[in-house]
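By convention in this document, chain letters (A, B, ...) are assigned in the order of the sequence lines, proteins followed by strands, and residues within each chain are numbered from 1.
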There are 2 protein chains.
Amino acid sequence: MQDLLFDFISKYVSLSEEEKNAIVSLNLFRSVKKGTILLQEGQKSRESYFVLKGCIRTYYLIDSEEKTTAFYTEMEALTPPSVISKTPSEYYISCIEDCILLVSNSDMEAEVNSKFPKFEIMCRKLSEELLAKERMDFDEFKTSSPEQRYLNLLQSRPDLIQRVPQHQLASYLGIQPQSLSRLRARILEKKS
Amino acid sequence: MQDLLFDFISKYVSLSEEEKNAIVSLNLFRSVKKGTILLQEGQKSRESYFVLKGCIRTYYLIDSEEKTTAFYTEMEALTPPSVISKTPSEYYISCIEDCILLVSNSDMEAEVNSKFPKFEIMCRKLSEELLAKERMDFDEFKTSSPEQRYLNLLQSRPDLIQRVPQHQLASYLGIQPQSLSRLRARILEKKS
DNA sequence: ACATCTTGTTCACTTAAGTTAAGAAAGACG
DNA sequence: CGTCTTTCTTAACTTAAGTGAACAAGATGT
């Protein structure tokens, strides 16, 4: 499991054994059961998550309806906006599968960053990359119809369609579950 | 004009006079006329932009239609995804007003970052903050209707509605110009 | 001053998504 | 095993956005 992490890190910076040990000694790994809620609306948190195995989901409760906005799966990282802005969270984070996560908190990150400048560099590169990716995803969402978005998701993250309940997927695509169902039927019809 | 920049930077790190001079000596300031295209689809670029005055816009050409996805105004920064991924750009960047920009390129950033670790820190903080902001904007977009999005934009960036052509705004809201027109009429009717 | 292009609005019509309700299928649990 | 819940689909109806066309107002250019 640790190897997965170090493989990931090696894409950004190369670590010495000493640095690797420093990370391991922080004891960041945590196993979490399906259904666990990692963060609740209104809660102040300082935790960031990195998914080693499993899938976590962020959602808002609007008019007592869950609005799912993101899924994070293997090798994806999430620092909630509320951690950056130091305000109460506007959304929930929950595990939709049994997960193995890496959990860090901002105090610890600050300490590690100042002790090992390489981490600072890695964090910058990763944030820049994630920002670029997020902007592309947002652009794609804006410029396409629900049906196109579904087809695109089928291409880019086919695993999600298998492992995630339809009504959460629908919400993620910005539509109602019934619309997703109908849209899928429409696509099947076109193919035949 | 430089003061605006240093005021902005001071929100992230505090610079010594020497460091400020180092920045000034890089000669990053550039005045650009309305209508100038800063980046074209298919082009490889290494430039990042920081808007000191004016407004720049990113758009895609899809089926010979312009799809506007973002506006960057005073004190906002843009590093195109294509610069991060080192691939040809998928979109255009153009100035919709006369602008004063700060233009940097990635080689130069790398050099400054390694010379002044403070810059590395600033870049990380800024990227993290922008990522958090982008995710919140994306979430808001996903969870609301075109009408809600327009009303929200009216709240959060009322200046945009004044300074940007309606058809570009419509595209930015993910709808057709006619729909925006209708939606605005609907809102006016409700108020009365 | 005139022609042209861009921009924004309106209208009629089409298409797709929202809504409400009902029922089938799959899982969870005692 | 049956009961209860969650999940998914289908259908009928409503609402809103897409589409194509026409028109008016402004800006641009010659």
Side-chain angles (χ1 to χ4, degrees), chain A residues 33-37 55 57 59 61-68 71 92 94-98 141-154 160-192, chain B residues 33-37 55 57 59 61-68 71 92 94-98 141-154 160-192:
Chain A
K33 276 258 164 306
K34 173 177 175 173
T36 307
I37 294 193
C55 179
R57 140 185 180 256
Y59 64 94
L61 255 190
I62 301 176
D63 303 330
S64 65
E65 287 257 311
E66 288 187 4
K67 300 267 190 177
T68 298
F71 300 102
Y92 296 78
S94 91
C95 301
I96 62 175
E97 297 174 0
D98 290 347
F141 193 94
K142 269 188 203 166
T143 56
S144 48
S145 67
E147 185 171 330
Q148 287 174 311
R149 294 201 287 263
Y150 175 77
L151 289 170
N152 195 298
L153 190 67
L154 210 55
L160 275 191
I161 288 160
Q162 301 307 319
R163 65 207 284 193
V164 164
Q166 297 283 319
H167 65 281
Q168 290 176 11
L169 260 190
S171 181
Y172 177 66
L173 293 169
I175 57 178
Q176 299 298 312
Q178 296 93 321
S179 297
L180 176 56
S181 217
R182 179 170 39 195
L183 173 165
R184 279 158 57 100
R186 199 164 59 220
I187 291 171
L188 274 179
E189 220 176 81
K190 280 183 195 166
K191 277 190 186 168
S192 63
Chain B
K33 276 256 163 309
K34 173 177 175 173
T36 306
I37 294 193
C55 180
R57 139 184 180 257
Y59 64 94
L61 255 190
I62 300 176
D63 302 330
S64 66
E65 287 257 310
E66 288 186 6
K67 300 268 192 176
T68 298
F71 299 101
Y92 295 78
S94 90
C95 302
I96 62 174
E97 297 174 359
D98 291 346
F141 193 94
K142 269 189 203 165
T143 56
S144 49
S145 66
E147 184 171 332
Q148 286 173 311
R149 293 200 288 263
Y150 175 78
L151 290 170
N152 195 297
L153 190 67
L154 210 55
L160 275 192
I161 288 159
Q162 300 308 319
R163 65 205 284 194
V164 164
Q166 297 283 319
H167 67 279
Q168 290 175 9
L169 260 190
S171 181
Y172 177 67
L173 293 169
I175 58 176
Q176 298 298 312
Q178 296 94 320
S179 298
L180 176 56
S181 214
R182 180 170 37 197
L183 175 164
R184 280 158 56 99
R186 198 164 61 221
I187 290 171
L188 273 179
E189 219 175 82
K190 279 182 195 166
K191 276 190 187 167
S192 64

Atom pair distance, as rounded to whole Å: [atom1] in [X] and [atom2] in [N]:
| X | N | atom1 | atom2 | value |
| --- | --- | --- | --- | --- |
| Glu147(B) | dA16(D) | CD | C1' | 10 Å |
| Gln148(A) | dA17(C) | CD | P | 10 Å |
| Arg149(B) | dA17(C) | CZ | C1' | 13 Å |
| Ile175(B) | dT9(C) | CD1 | C1' | 14 Å |
| Gln176(A) | dT20(C) | CD | P | 10 Å |
| Leu173(A) | dA17(C) | CG | C1' | 13 Å |
| Asp63(A) | dT19(C) | CG | P | 10 Å |
| Leu183(B) | dA17(D) | CG | C1' | 10 Å |

- line: Letter by letter from the 5' end, nucleotides 4-14 of chain D scores (B base, S sugar-phosphate only, - none; protein heavy atoms under 4.0 Å) ---SSBB----
- request: Scan nucleotides 25-30 of chain C nucleotide by nucleotide, 5' to 3', and note B when protein non-hydrogen atoms come under 4.0 Å of the base, S if they reach only the sugar-phosphate, - if neither.
  value: ------
task: Classify the side-chain pair Arg182(A)/Ser179(A) by whether it contains a donor and acceptor separated by less than 3.5 Å.
output: yes
Which atom of [X] lies closest to which atom of [Y], heavy atoms considered:
| X | Y | answer |
| --- | --- | --- |
| Leu183(A) | Ile175(A) | CD1-CD1, 3.9 Å |
| Phe141(B) | Tyr172(B) | CE1-O, 3.8 Å |
| Gln168(B) | Thr68(B) | O-CB, 3.7 Å |
| Arg149(B) | Leu173(B) | NH2-O, 3.1 Å |

message: Counting C-beta onward and ignoring hydrogens, is there a side-chain heavy-atom pair between Glu66(A) and Leu61(A) closer than 4.5 Å?
response: yes
- prompt: Are more than 12 heavy atoms from other residues, nucleotides or ligands located less than 6.0 Å from atom CD of Gln148(A)?
  reply: yes
- request: Would you confirm whether Asp98(A), through its side chain, and Lys33(A), through its main-chain N or O, come within 3.5 Å as a donor-acceptor pair?
  value: no
Trace of the side chain to side chain contact (heavy atoms under 4.5 Å, CB included) decision for Leu169(B) with Leu153(B): CA-CA 10 Å; Leu169(B) 260 190; Leu153(B) 190 67; 3.6 Å; yes
